[in-house]
Asker: 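Have a look at this one.
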Amino acid sequence: MIRAVIFDFDGVLAPTAPDHFSAWQTVLRPRGIEPDFDVMRLHEGSPAFRILQAMAAHVGVTLDDDTAKSYTIEKNRMFVSQCRTQPFAEIPALLDLCRQRGIKTAVATGTNLTNLQHVLGHDLSQRFQALVYEGRYQRGKPFPDPFLTAAELLQVAASECLVVENAPLGIEAAKAAGMVCAAVMTTLGREHLQKADVILTSHADLLNYLEKWTLP
């Protein structure tokens, strides 16, 4: 029986990938680095400066951690100034279902609190019992730390948690935490999500899946 659902943020709660990519383009192009959308999506879930380093390496540029982190700070500012994306329409219904069934909910993400709250807004953010974001755990995805931190805050055993993810590193982190993982095909195709316990095509499918898993 599921006692908690832990949602990733980017690509799961909101379709933010184009906004992140646009912000990376604004920051990196003047520095001679052309970001790659596929590289960004495949590394989603890891710390943002690691995503940047992967995109830079893809075009033959090596960035040390300090430089990558400074560019990431600039990129996050740009993201907040530009992003007007709203959460997926089904998110309130998913949270309603969890509340009705007595299931706790959390967010576990590699992004920072400012980005998270900017997109979710105050009211939706308050509907989760725990928010786990950059700085609240030691190691980012693919390590299990974000999800284990969420389970600890919710006071639920890892084996009783369902993770909703959309990217390979997040799936790997969920499985390393000993949790069931459902992947939604919002940013990547089925071939990239094979390590999940179930692959769903849409949030409507996710709602149906949760209804079956959480029958009273």
Asker: Is any side-chain heavy atom of Leu52 closer than 4.5 Å to one of Lys75?
Answerer: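 The answer is no; the side chains never approach within 4.5 Å.
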
Asker: What's the shortest heavy-atom distance between Pro146 and Ala108, and which atoms?
Answerer: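 Scanning both residues, the minimum pair turns out to be O-CB, 3.9 Å.
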
Asker: Within 45° of the axis and under 6.0 Å from the centre of the six-membered ring of Tyr209, does NZ or CZ of Lys212 qualify?
Answerer: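 That pair does not qualify as a cation-pi contact.
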
Asker: Check whether Thr111 reaches the backbone of Leu116 with its side chain - one donor and one acceptor, N or O, closer than 3.5 Å.
Answerer: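 Not confirmed, Thr111 side chain does not pair with Leu116 backbone.
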
Asker: So how far is it from Met40 CE to Asp38 CG, rounded to the nearest 0.5 Å?
Answerer: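 Met40 atom CE to Asp38 atom CG measures 9.0 Å (nearest 0.5 Å).
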
Asker: Looking only at heavy atoms, what is the nearest atom pair of Phe128 and Leu120, with distance?
Answerer: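 Scanning both residues, the minimum pair turns out to be CE1-CD1, 4.2 Å.
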
Asker: Checking side-chain contact (heavy atoms from CB on, under 4.5 Å) for the pair Thr109/Tyr133: CA distance, chi angles, key distance, verdict?
Answerer: CA-CA 5 Å; Thr109 177; Tyr133 45 85; 4.0 Å; yes

Asker: Assess whether atom CD of Glu34 is packed by more than 12 heavy atoms of other residues, nucleotides or ligands within 6.0 Å.
Answerer: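 Buried by this count: over 12 neighbours within 6.0 Å.
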
Asker: Hey, any chance Val5 and Leu95 share a hydrophobic cluster, counting ILVMFWY side chains that come within less than 4.5 Å of each other, even indirectly?
Answerer: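 Yes, because Val5 and Leu95 connect within a single hydrophobic cluster, where side-chain heavy atoms sit under 4.5 Å apart.
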
Asker: List the steps and the verdict of side-chain contact (heavy atoms from CB on, under 4.5 Å) for Gln53 and Asp65.
Answerer: CA-CA 8 Å; Gln53 288 174 325; Asp65 288 0; 2.8 Å; yes

Asker: For the salt bridge (Lys or Arg N to Asp or Glu O under 4.0 Å) test, which of Glu134, Glu44, Glu172, Glu165 pairs with Lys141?
Answerer: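 Of the listed options, the one satisfying the test is Glu165.
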
Asker: For the pair Arg84 and Asp19, find out whether any cationic side-chain nitrogen is under 4.0 Å from an anionic carboxylate oxygen.
Answerer: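 Asp19 and Arg84: not salt-bridged.
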
Asker: Say you draw a straight line from CD of Gln86 to CG of Leu13; how long is it, rounded to the nearest 0.5 Å?
Answerer: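 Between atom CD of Gln86 and atom CG of Leu13 there are 13.0 Å.
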
Asker: Does any part of the side chain of Leu148, heavy atoms only, come nearer than 4.5 Å to the side chain of Tyr137, both counted from C-beta?
Answerer: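 No, their side chains stay 4.5 Å or more apart.
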
Asker: Any non-hydrogen side-chain atom of Cys83 less than 4.5 Å from a side-chain atom of His118?
Answerer: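 Side chain of Cys83 against side chain of His118, heavy atoms only: contact under 4.5 Å found.
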
Asker: State the CD1-CG distance between Ile91 and Leu124, to the nearest 0.5 angstrom.
Answerer: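 Reported value, rounded in 0.5 Å steps: 7.5 Å.
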
Asker: Would a single hydrophobic cluster contain both Met185 and Val164, if residues Ile, Leu, Val, Met, Phe, Trp and Tyr are joined by side-chain heavy-atom contacts under 4.5 Å?
Answerer: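 No.
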
Asker: List the atom of Ala150, the atom of Ala106, and the distance in Å for their closest heavy-atom pair.
Answerer: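 Looking at all heavy atoms of both residues, the closest pair is CB-CB, 4.1 Å.
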
Asker: Are the side chain of Asp145 and the backbone N or O of Gly140 linked by a donor-acceptor pair below 3.5 Å?
Answerer: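 Such a contact is absent between Asp145 side chain and Gly140 backbone.
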
Asker: Are Ile6 and Phe143 connected, step by step, through hydrophobic side chains (Ile, Leu, Val, Met, Phe, Trp, Tyr) whose heavy atoms are closer than 4.5 Å?
Answerer: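 In one cluster: no.
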
Asker: Answer yes or no: is there a side-chain heavy-atom contact under 4.5 Å between Asp8 and Asn166?
Answerer: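 Yes, their side chains come closer than 4.5 Å.
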
Asker: Please check if the number of heavy atoms outside Gln194 that lie under 6.0 Å from its CD is greater than 12.
Answerer: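 More than 12 within 6.0 Å, yes.
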
Asker: Check whether any side-chain heavy atom of Thr72 lies under 4.5 Å from a side-chain heavy atom of Trp24, and answer yes or no.
Answerer: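 Contact flag for Thr72/Trp24 side chains = yes.
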
Asker: With a 4.5 Å limit on heavy-atom distance, are the side chains of Ile51 and His20 in contact?
Answerer: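 Not in contact.
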
Asker: Backbone N or O of Ala151 within a donor-acceptor pair of the Gln155 side chain at under 3.5 Å?
Answerer: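 Here the side-chain-to-backbone pair does not exist.
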
Asker: Got a second to check how far Asp197's CG is from Leu162's CG, nearest 0.5 Å?
Answerer: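 Asp197 atom CG to Leu162 atom CG measures 8.5 Å (nearest 0.5 Å).
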
Asker: Mind checking whether Met78 and Ile33 sit in one hydrophobic cluster, side chains of I, L, V, M, F, W, Y counted as touching below 4.5 Å?
Answerer: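 Shared cluster, no.
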
Asker: Strictly distance-based, threshold 3.5 Å: is any side-chain N or O of His203 a donor or acceptor partner for the main-chain N or O of Glu90?
Answerer: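 Here the side-chain-to-backbone pair does not exist.
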
Asker: Between Leu28 and Met55, does a side-chain contact (heavy atoms from CB on, under 4.5 Å) hold up when you go through it step by step?
Answerer: CA-CA 10 Å; Leu28 297 179; Met55 290 192 295; 4.3 Å; yes

Asker: Starting at CG of Leu193, measure out to CD1 of Ile171 and round the result to the nearest 0.5 Å.
Answerer: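 One gets 4.5 Å once the value is rounded to the nearest 0.5 Å.
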
Asker: Arg41 side chain to Thr187 main-chain N or O, any donor-acceptor pair under 3.5 Å?
Answerer: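 Yes; at least one donor-acceptor contact below 3.5 Å.
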
Asker: If I compare all heavy atoms of Val27 with all of Tyr71, which pair ends up nearest, and what's the gap?
Answerer: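 Shortest heavy-atom contact: CG1-O, 3.9 Å.
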
Asker: Write down the atom of Ala89, the atom of Pro92, and the distance for their closest heavy-atom approach.
Answerer: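 Scanning both residues, the minimum pair turns out to be O-CD, 3.4 Å.
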
Asker: Is there a side-chain contact (heavy atoms from CB on, under 4.5 Å) between Thr186 and Phe88? Walk through the geometry before answering.
Answerer: CA-CA 10 Å; Thr186 53; Phe88 286 105; 4.0 Å; yes

Asker: Quick check: do Val184 and Val12 have side-chain heavy atoms less than 4.5 Å from each other?
Answerer: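 They are in side-chain contact.
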
Asker: In Å, rounded to the nearest 0.5 Å, how long is the span from CD1 of Ile199 to CZ of Arg190?
Answerer: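 One gets 5.0 Å once the value is rounded to the nearest 0.5 Å.
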
Asker: Is Phe7 reachable from Leu188 through a run of hydrophobic residues whose side-chain heavy atoms are each under 4.5 Å from the next?
Answerer: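 Leu188 does not cluster with Phe7.
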
Asker: So do Phe9 and Leu131 actually touch side chain to side chain, heavy atoms under 4.5 Å?
Answerer: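 The answer is no; the side chains never approach within 4.5 Å.
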
Asker: State whether the side chain of Arg127 and the backbone N or O of Arg99 hold a donor-acceptor pair below 3.5 Å, judged by distance alone.
Answerer: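 Checked: no pair found.
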
